2 protein chains.
Amino acid sequence: MESKKTTIHDIANELGVTASTVSRALQDHPRISDSTKEEVLEMAEKLDYHPNSIAAALRKGKSNIIGVIIPMADRNFFASVIRGVEEIVNKSGYRVIISQSNDSPEREKSNIKALLESQVDGILASYAKKTTDFDHYKEIARQGVPLILFDRLHESLESLEVGSVVIDDYLGAYKATEHLIEQGCRRIAHFSGPQHVSIYKERRRGYEEALNRHNIPIDERLIVESNLKLEAGRRLGEELLTWNQLPDAVFSSSDYGAVGAMEILKERGIKIPDDIAMVGFSNESFTSFVDPGLTTIDQHGEKMGHFAAQLFLDQVSEDKDARTPGKTVLNPQLIVRESSLKKKVSA
Amino acid sequence: MESKKTTIHDIANELGVTASTVSRALQDHPRISDSTKEEVLEMAEKLDYHPNSIAAALRKGKSNIIGVIIPMADRNFFASVIRGVEEIVNKSGYRVIISQSNDSPEREKSNIKALLESQVDGILASYAKKTTDFDHYKEIARQGVPLILFDRLHESLESLEVGSVVIDDYLGAYKATEHLIEQGCRRIAHFSGPQHVSIYKERRRGYEEALNRHNIPIDERLIVESNLKLEAGRRLGEELLTWNQLPDAVFSSSDYGAVGAMEILKERGIKIPDDIAMVGFSNESFTSFVDPGLTTIDQHGEKMGHFAAQLFLDQVSEDKDARTPGKTVLNPQLIVRESSLKKKVSA
DNA sequence: AATTTTCGTACAATCGTTTGTACGCGTATT
DNA sequence: AATACGCGTACAAACGATTGTACGAAAATT
């Protein structure tokens, strides 16, 4: 039944004008008379015309699509970022295509290739944890496609002309650690992540600096590194129990790690926060569900998405002045819940 | 510096052949000699050629992109579905573009429009809860684009020639309710959702049927309807407490609703599962984190994605026989955790 | 009334690939 | 030796929209 999709040529034929006139009429071009525009619109409706954006993209060399690369979509933080990005760019007529790397560098690479071949107008990315070779990102820049990095940032990319928006991980970690110190904790363990990922390095730095400022010596044995997943958290929970002396608090660079450890510790009769206070990082949605509620650091995902999107729009803007790839640093926010409250709040 | 992107014409010129030869060489066409293929490949490498899939899509009338419409990406279930879909279709050279409706019919509508204009080769969708008018879905079918519905299914779409894959919500609810009955519960409340969404209707039916089979009268006052979000769960938790007699169990059609209620009930000193047993639906990731762990129904998101993707591939397959839009129904699985265990397991 | 402007539309090239058909050449068939 | 066949490549027309330029007619200027 679908004999053929109707094109602007069909409309043109029907009306006895040319396709160029139809095209301009549809774009509300000033040089087309109002009467013609009306006729075109009517006929378009009548013939059930739908624009073919592929054809337009080819001609214009612009797809109006931007690609967003994230490790995984089911993280609250990344989902918020995407929402934020969409909110901004949709207004300017851009569509977002999301592609997940599942934290695999290979998938990340093939995703980037596909995005570039699809002629996306820009790429916003948070790279996979395991990525250590950034050539595929350099390729993006080399092809002249605007690139904005968010959340995770790597030194080897800083030299490129890329925009970036991150939170101040250092500050977040500092706030978290200081909060624990204020609660009276002195033996604070730290669950850290791969040190080539700058966010984990920064968080560790924040942790150490907070201790320094409060004249608490840094004990390397209290700092443990892992992939920070739930399972790793459980393992670390077990490990804690083998130590000569339990820490009185844990600052974990990830909520998953914190919750994993909490599960084990609770099982073993350790009271949280009384025996061990816990603080996580990211404000994942489940942190408010767990018992006790997990104190954590909110990363302002939606806001980060807004900024990243805006940086992209700036880079493709007509106004050359706005085109300096900016770096934006957001302030993280400490969300205090019960898991860290040793001093009970007087009611 | 980016003088110009290199095209197959550039390669052709350099080699003294025509673009068609280059195109065929790149596709490994049998009629092109091996020596030419080699030369082309080398030159492509040398000139840093990257195919422009927009141009190919325009010519072929096929974008190799499929659109997936989901309410929101940060639900464990939907994230799994997407992973499942990607796993299958990537093998056949398709890319997935994800678009979220945030459960808003307007966004859903505009997303569909954009997807169609982008000439996607197919659309897999789980529609927004609030959607009651399905014309935009009919439009998909009318334009001859394969449509597969997953998870949520609406009567008014059944007449269309669409494939669908759902779980047996009825059976899931039945299993959940029966499990509660086996635990000795008799006064089982049900948190239900909008009845025009078939999944909620089915779940309610499963609940009622389980009661019937066990000769427990259905008490309409125990069935409450809401949007099943966390906040609604909290509200329902409050409501429960105002009843003359507390139920001894709750079967909620959503994990969020269940957890929201649990929060309130725990606050008010109600013991779970001893006073009230709880069962949710969906196996969201947080259900294993909450205390006590929430018994729930797993919907096999990844598998659902596999099936949906396969249905799509069948519909676009050369083989006409395979082209009947199939309906697949998956069996849900009961995941038992502590929240429903009144009879303590003897250790 | 002659000339310049303005207005509305047509013409034609273009974006980068794909693909049906034609064609020349060398080898095989009889 | 004449015809037939394969093989490898060229030619040219798509796909559907956009856009710089040209051009005729009407309106405005002098």
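Just so we're on the same page: letters track the sequence lines, and every chain starts at 1. Just so it is clear, the structure is predicted and the values come from calculations on it, not from any experiment. What you see below is based on every heavy atom in this structure, not just the backbone, and it leaves out hydrogens, waters and symmetry mates.
For the OP1/OP2 pair of dG16(D) and a distance below 4.0 Å, the side-chain nitrogens and oxygens of Thr7(A) include no atom meeting the criterion. Distances shown here put a side-chain N or O of Thr21(A) below 4.0 Å from the OP1 or OP2 atom of dA10(C). Considering only side-chain N and O atoms, Ser23(A) lies nowhere under 4.0 angstrom from the phosphate OP1 or OP2 of dG16(D).
The CD1-P distance, from Ile32(A) to dT19(D), rounds to 13 Å in whole Å. Lys62(A) places its NZ atom 13 Å from the P atom of dT18(D), with the value rounded to the nearest Å. Atom CD of Gln27(A) and atom C1' of dT9(C) are 15 Å apart (whole Å). Rounded to whole angstrom, the span from the NE2 atom of His29(A) across to the C1' atom of dG20(D) amounts to 11 Å. One atom, NE2 of His9(B), and another, C1' of dT18(C), lie 11 Å apart when rounded to the nearest Å. Atom CG in Asn64(A) sits roughly 14 Å away from atom C1' in dT18(D) (whole-Å rounding). If you measure from atom CG of Leu26(A) to atom C1' of dT18(D), you get 12 Å, rounded to the nearest angstrom. The distance between atom CD1 of Ile54(A) and atom P of dG16(D), rounded to the nearest whole Å, is 11 Å.
A donor and an acceptor atom sit less than 3.5 Å apart, one in the side chain of Arg24(A) and one in the base of dG20(D).
The side chain of Ile8(A) has dT18(D) as its nearest neighbour among dT18(D), dT17(C), dC11(D). The side chain of Thr36(B) lies closest to dT9(D) when the candidates are dT9(D), dT17(C), dT9(C). Among dT19(D), dT17(C), dA10(C), the nucleotide with an atom closest to any side-chain atom of Tyr49(B) is dT17(C). Of the candidates dT9(D), dC15(C), dT19(C), dC15(C) carries the atom nearest the Arg59(A) side chain, counting heavy atoms from C-beta on.
Salt-bridge annotation for Lys46(A) and Glu39(A): absent, with no side-chain N of the basic residue lying under 4.0 Å from a carboxylate O of the acidic one. Between Asp103(B) and Arg152(B), at least one side-chain nitrogen of the basic residue sits less than 4.0 Å from a carboxylate oxygen of the acidic one, meeting the salt-bridge criterion. For Arg142(B) and Asp48(A), the salt-bridge test passes: some basic side-chain N is under 4.0 Å from an acidic carboxylate O.
Looking at which nucleotide of DNA chain D each of Ser33(B) and Ala56(A) is closest to, the 5′-most match is held by Ser33(B). Comparing Arg31(A) and Ser20(A) against DNA chain C, the residue whose closest nucleotide sits nearer the 5' end is Arg31(A).
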Worksheet entry | Derivation of the side chain to side chain contact (heavy atoms under 4.5 Å, CB included) call for Ile88(B) and Tyr94(B) | CA-CA 9 Å; Ile88(B) 300 295; Tyr94(B) 286 95; over 6 Å; no

Item to complete: List the steps and the verdict of side chain to side chain contact (heavy atoms under 4.5 Å, CB included) for Lys130(B) and His196(B).
Response: CA-CA 9 Å; Lys130(B) 297 198 201 100; His196(B) 69 271; over 6 Å; no

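Residue Thr18(A) is classed as a base contact, given a heavy-atom separation below 4.0 Å to a base.
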